[in-house]
Amino acid sequence: NGIPSRMARARWAWTFGCALFLAHVCCAFSYFHHWSHTAALRETARQTEELTGLRWGGGIWMNYVFAIAWLADALWWWLAPAAFARRSPRLTATWQGFFLFMVFNGTFVFGKGPVRLFGAIICTGLAALFWKQRRSCVAAKS
């Protein structure tokens, strides 16, 4: 009986994390970009150039994909939990890899000060979860 309650808590935590990320996006767009995609694109390009020397704003599109994917994933878990539980381990590993990539870039690469330290801690945990999932995929094939 511990497994279902653990999964229920995980689903709530996943949903809460998604809601916090969406609130973060809304706050960024409201307070920093004044609901302007162009302003967000320009700022993303500026920050990318500052770090890499390449003026590229494509990261904003990656953030849009990330937000939509996380929301879709959370909704899937709520609306069709049995199908969600049966999803391909490869899909789960791919999603977790993308998630780790986005969190690493958002906190460690582009973060400053305490955000960078927090990002390193979070990314280490996410990497451990990713490798655990990957090992489960390999074990399931055997």
Please list, one pair per line, the donor and acceptor atoms closer than 3.5 Å that link side chains of residues 31-45 to other protein atoms, with sequence neighbours excluded.
| from | atom 1 | to | atom 2 | distance (Å) |
| --- | --- | --- | --- | --- |
| Ser36 | OG | Thr38 | N | 3.3 |
| Ser36 | OG | Ala39 | N | 3.0 |
| His37 | ND1 | Tyr64 | OH | 2.6 |
| Glu43 | OE1 | Arg46 | NE | 3.0 |
| Glu43 | OE2 | Arg46 | NE | 3.4 |
| Glu43 | OE2 | Arg46 | NH2 | 2.6 |
| Glu43 | OE2 | Gln47 | NE2 | 2.8 |
| Thr44 | OG1 | Ala40 | O | 2.8 |

From SG (Cys27) to CG (Leu22), nearest 0.5 Å: 11.0 Å
Does Leu75 share a hydrophobic cluster with Ile68, counting links as ILVMFWY side-chain heavy atoms below 4.5 Å and allowing steps through other members? no
Arg87 side chain near Trp76 side chain, heavy-atom distance below 4.5 Å: yes
Validation: residues 102-112 side-chain donor-acceptor distances under 3.5 Å, sequence neighbours left out:
| from | atom 1 | to | atom 2 | distance (Å) |
| --- | --- | --- | --- | --- |
| Asn105 | ND2 | Phe101 | O | 2.9 |
| Thr107 | OG1 | Val103 | O | 2.6 |

Given a cutoff of under 4.5 Å between side-chain heavy atoms of I, L, V, M, F, W and Y, with clusters grown through shared members, what are the other residues clustered with Trp78? Trp12
Is there a path from Met62 to Val65 through hydrophobic residues (I, L, V, M, F, W, Y) whose side chains come within less than 4.5 Å of each other? yes
First locate atom CD1 of Ile60, then atom OG1 of Thr48, and finally report the distance between them rounded to the nearest 0.5 Å. 9.5 Å
Rounded to the nearest 0.5 Å, what separation is found between the CH2 atom of Trp70 and the CH2 atom of Trp14? 5.5 Å
Would you say the side chain of Met7 lies within less than 4.5 Å of the side chain of Pro81, judging by non-hydrogen atoms? no
Working to the nearest 0.5 Å, report the span between CG of Asp73 and OG1 of Thr15. 9.0 Å
Decide whether Trp61 and Trp56 are clustered together by the hydrophobic rule: side chain heavy atoms of Ile, Leu, Val, Met, Phe, Trp, Tyr closer than 4.5 Å, transitively. no
To the nearest 0.5 Å, tell me how far Leu126 CG sits from Trp131 CH2. 14.0 Å
When you group the ILVMFWY residues by side-chain heavy-atom contacts below 4.5 Å and let the links chain together, are Leu117 and Leu51 in the same group? no
Mind telling me whether Phe21 and Phe66 have parallel, tilted or perpendicular rings, with 30° and 60° as the class edges? perpendicular
CD1 of Ile122 to CG of Leu100: how many Å apart, nearest 0.5 Å? 11.0 Å
Any chain of hydrophobic side-chain contacts (each under 4.5 Å) joining Val25 to Phe16? no
